[in-house]
Amino acid sequence: MATFQTLPGFREFYPEDLARRNHVFRLWRQTAVAYGFAEYDAPVLEPLDLYKAKSGEEIEAQLFSFTDKGGREVALRPEMTPTVCRLVGARANALKRPIKWFSIAEFYRYERMQKGRGRCFNQFNADIFGEPGPEAEIELVALLIQCLCAFGLNEQDFYVRLSDRNLWFYYLEALGLDEPRIRGVLGAVDRYEKYGDDAFKGYTEQFGALDAVLKDRILAFLQIKSLEALEHTLASLGDKLTARLADWRKLLGGLEAMGFAPYVTVDLGVVRGLAYYTGFVFEAFDRKGELRALAGGGRYDDLVQKLGGPALPAVGFAIGDMTFALLLEQRGLMPTLVTAPDVYCVIGGPAERLAAFADIQALRAMGFRVDYPLKDSAFGKQFKAAAESGAKLALIYGTDELAKGIVKIRDLKDRTEHEVRPGDVCSVVRDFISAG
RNA sequence: GCGGUCAUAGCUCAGUUGGUUAGAGCACAAGAUUGUGGAUCUUGGGGUCGCGGGUUCGAAUCCCGUUGGCCGCCCCA
C-alpha cells in the first residue's frame, strides 16, 4: 500500500474527517448567510498572470503552476482575493451595493509543511465591495468573530487585533518621513514582535540609522493598546489623523454595540506584510498564542482596479481551516459523532427482509436515515450493530412479529419495546424522532 | 530552499551485543450465539520492518543514499 501516497502536504478525508470538516463548513455558511452574505464559487485553476498581477513575479515560487496542453501558463489558486475581484469587477455596474459575498473553497500553496499549514487547505472568505467607510469593517470584523463564536469559542479563546496602515502612514508622515522610509519602518514594525530591535536592521542598511527620538516615538506608538491612548498621542497632529480617528471611533463603537468589544484589541503591531492593504487590517489569534493566525484580513481599495476592473473599495478576510481545527480540538469543541442513522432495522430472515424493505423505503422517502444489515445474521449481533450505529430506534422484523401481524419498535436508549401495526410504523417513528 | 528529528500491522507501540518463521494491545472479521446491547472466550485476516543500495554466513537492528512525517528557519497573499 506504500506504492502510491498522497502528494506531500495534501490531505485525505475519511468519513469521520469529512464529518468534522462538514460541521465546520456548515456553521461558517450558516453564519455568513445570517449576516446577509451571498455564496459564490470559481475555478480552482486560474491563469498564472492573475497572481503575478496582484503579487508580482516572485509569487511563482510558491504556486502550484504549470503549462497546460494548450500552452497556457496556469496555477492552482493560492487565495481567493484576485478571483473574487475579477468576478465583482466584471459586473460591478450591475451588482446591487453593498456587495457582500462569501465562499468556502480549497487552495494550494507550494510551501513547506508545518503545524497548521499544509500545501492544500480550505478557507472561508468574506468580502464587502463598494463601501469605502468603516461600516464595512464593522460588518466584517463582526462576521469574523461570529464565525468563531458559532463553535462555542469565546473571548477567553481568541481575540482580534485591529490595526490601520493609513494611521501608520499619516503618523509617520507627520513625523517627517517620506514614503520609502515609511515603507521601511512598516517592514520593521511587522517584524518587531518576533525580532525585537533586529527588526530595524533592514531599515538601517537602506536608509541609515533611525533617529533615536523618532524611533522611541515609533516604538511607543507600537505599544498603544486603546483608542484613548491613540487619541492622546495623535491629538492635533493634523486633519488627516483627526479624520482617521473618527473612523476608528465609528468602527470600535459599532463593534462594541454589537457586543464584540471583549474580542477586539487595538494593536498597531499588525501590518499584514507589505501587500495590497490600504487601510484597516486585522488578524485573529488564539489567546494562548500557541497557534498560527486563525484569520486575517483588511481593506484593499485599489485591487479591483489593479486587476482590470473599475475603482471599487473593498474589505475582506479569510479564515483557514487547519489552525481553526487545531483550536477547536484543543478546546474540546470538535464534535465526534456527527453522523448516525435514526433507525436501524433488525431482520429475522429472507422473508422478513422483504417485509422490512417496504417500511425502510417509506421511512427513507420521508427523510429519515435508515440502515439495516445487508446479510442475515444472529439477532444478538444485529442488536449490537444497532446500538453501535448510534440509532435512536430499532425496528424488529422477526418471524414472531410477522406471524402476529406487528412490528416491534425498540427505543435503544431506554430499552423499552412496544408493538405497532405495520401501517403505523412510519407515523410512530416520525412522532418518536420529532419528540426528540 | 535550509537545519534538527523520526519512520515496525488500520492505530499506539515492543523487538536484547546483528541470530529460527517479526510480536502485543486496540481496531476489524468469524464462531460460541437463528430472538435482544457496547461484555467474555476462541479463532482469523492483515507486514516488502518507508524505499534503494552497502557491510555480513546472517540486517527491523550497523553504514550510505532517498522518500515521507513532525519541529524550527525563510515565507505566510
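In what follows, every chain begins at residue 1, and chains take the letters A, B, ... in the order their sequences are listed.
Of the candidates G72(B), G37(B), A77(B), the closest approach to any side-chain atom of Ile59(A) belongs to A77(B). Of the candidate nucleotides G37(B), G35(B), A77(B), A77(B) has the atom lying nearest to any side-chain atom of Pro78(A). Between U33(B), A39(B), A77(B), one nucleotide has an atom nearer to the side chain of Lys384(A) than all others, and that is A39(B). Distances from the side chain of Arg272(A) to the nucleotides A77(B), U34(B), G38(B) place A77(B) closest.
A straight line from CE of Met113(A) to C1' of C2(B) spans 18 Å, rounded to a whole angstrom. Rounded to a whole Å, the OH atom of Tyr344(A) is 14 Å from the C1' atom of G38(B). For Tyr51(A) and C76(B), the OH to P distance is 18 Å, given to the nearest whole Å. The separation between Glu419(A) atom CD and G35(B) atom P is 18 Å, rounded to whole Å. Rounded to whole Å, atom C1' of G69(B) lies 13 Å from atom CZ of Arg119(A). As a whole-Å value, the separation of Tyr110(A) OH from C76(B) P is 18 Å. If you take CD of Glu12(A) and C1' of G68(B), they are 13 Å apart, rounded to a whole angstrom. Gln114(A) has its CD atom 9 Å from the C1' atom of C75(B), to the nearest Å.
Contact annotation: Arg415(A) side-chain N/O to U36(B) OP1/OP2 distance is not under 4.0 Å. Using a 4.0 Å cut-off, no side-chain N or O of Lys115(A) falls inside it from OP1 or OP2 of G72(B). Within the structure, every side-chain polar atom (N or O) of Arg117(A) is placed at least 4.0 Å from both OP1 and OP2 of C70(B). For Lys381(A), no side-chain nitrogen or oxygen approaches OP1 or OP2 of G35(B) to under 4.0 Å.
Glu401(A) comes within 4.0 angstrom of a nucleotide base, judged by non-hydrogen atoms across all strands. Contact annotation for Asp400(A): base contact, defined as any heavy-atom pair under 4.0 Å involving a base atom. At the heavy-atom level, Ser377(A) lies nowhere under 4.0 Å from the strands shown. Backbone-only contact: Gly9(A) has heavy atoms under 4.0 Å from sugar-phosphate atoms and none from a base. Here Gln382(A) lies out of heavy-atom contact (under 4.0 Å) with every strand. Contacts of Arg191(A) with the nucleic acid, taken as non-hydrogen atoms under 4.0 Å apart, involve only primed sugar atoms and P, OP1 or OP2. Note on Lys408(A): a base of the nucleic acid sits closer than 4.0 angstrom, heavy atoms only.
Within 3.5 Å, no donor on the side chain of Arg112(A) pairs with an acceptor on the base of C75(B), nor the reverse. At a cut-off of 3.5 angstrom, the base of U36(B) holds at least one donor-acceptor pair with the side chain of Arg410(A). In terms of polar N and O atoms assigned as donor or acceptor, the side chain of Arg109(A) comes within less than 3.5 Å of the base of A77(B) in a complementary pairing. For Glu111(A) against G1(B), a side-chain-to-base donor-acceptor contact under 3.5 Å is absent.
Taking atom C1' on both nucleotides, G47(B) is separated from G31(B) by 26 Å, rounded to a whole Å. Here, C26(B) and U34(B) have their C1' atoms 30 Å apart, quoted to the whole Å. The P atoms of G19(B) and C13(B) are separated by 24 Å, rounded to the nearest whole Å. Between A9(B) and G44(B), the two C1' atoms lie 14 Å apart (nearest whole Å). Comparing the same atom, C1', in G18(B) and in C63(B) gives a spacing of 13 Å after rounding to whole Å. Separation of the C1' atoms belonging to G65(B) and C71(B) is 23 Å when rounded to the nearest angstrom. Nucleotides U43(B) and A24(B) have their P atoms positioned 11 Å apart, rounded to a whole Å. On the P atoms, U40(B) is 33 Å away from C49(B), given to the nearest whole Å.
For A24(B), the paired base is U12(B) (Watson-Crick or G-U wobble, both distances below 3.5 Å). The partner of A60(B), taking Watson-Crick or G-U wobble pairs whose two distances both stay under 3.5 Å, does not exist in any strand shown. Pair assignment for C49(B): none, as no Watson-Crick or G-U wobble contacts are both less than 3.5 Å. Across all strands shown, C41(B) forms a Watson-Crick or G-U wobble pair with G31(B), both key distances being under 3.5 Å. U5(B): Watson-Crick or G-U partner is G69(B), with both key distances under 3.5 Å. The pairing partner recorded for U55(B) is none, the criterion being a Watson-Crick or G-U wobble arrangement whose two distances lie under 3.5 angstrom.
Classified by interplanar angle (parallel below 30°, tilted 30° to 60°, perpendicular above 60°), the ring pair Phe383(A)/Phe379(A) is tilted. Ring pair Phe357(A)/Tyr372(A) is perpendicular by interplanar angle, where above 60° counts as perpendicular and below 30° as parallel. Taking the six-membered ring where the residue is Trp, Phe285(A) and Tyr159(A) present tilted rings, their angle falling between 30° and 60°. By the 30° and 60° cut-offs, the orientation of the rings of Phe151(A) relative to Phe324(A) is perpendicular.
Ring stacking is absent between Phe379(A) and U36(B), as the pair misses the limits of under 5.5 Å between centres and under 30 degrees between planes.
Arg97(A) contributes a side-chain N or O that, together with a main-chain N or O of Ala92(A), makes up a donor-acceptor pair within less than 3.5 Å.
Phe282(A) has its ring centre no less than 6.0 Å from the ring centre of Phe260(A).
Take the nearest nucleotide of RNA chain B for Phe10(A) and for Glu283(A): the residue whose nucleotide is more 5' is Phe10(A). Both Lys54(A) and Ala378(A) lie close to RNA chain B; mapped to their nearest nucleotides by heavy-atom distance, the more 5′-ward contact belongs to Ala378(A).
Separation of atoms CZ (Arg21(A)) and CZ (Phe13(A)) is listed at 4.5 Å; rounding is to 0.5 Å.
Side-chain atoms of Asp359(A) and Tyr397(A) form a donor-acceptor pair, as typed in the model, at a separation below 3.5 Å. Side-chain atoms of Tyr277(A) and Arg272(A) include a donor-acceptor pair closer than 3.5 Å.
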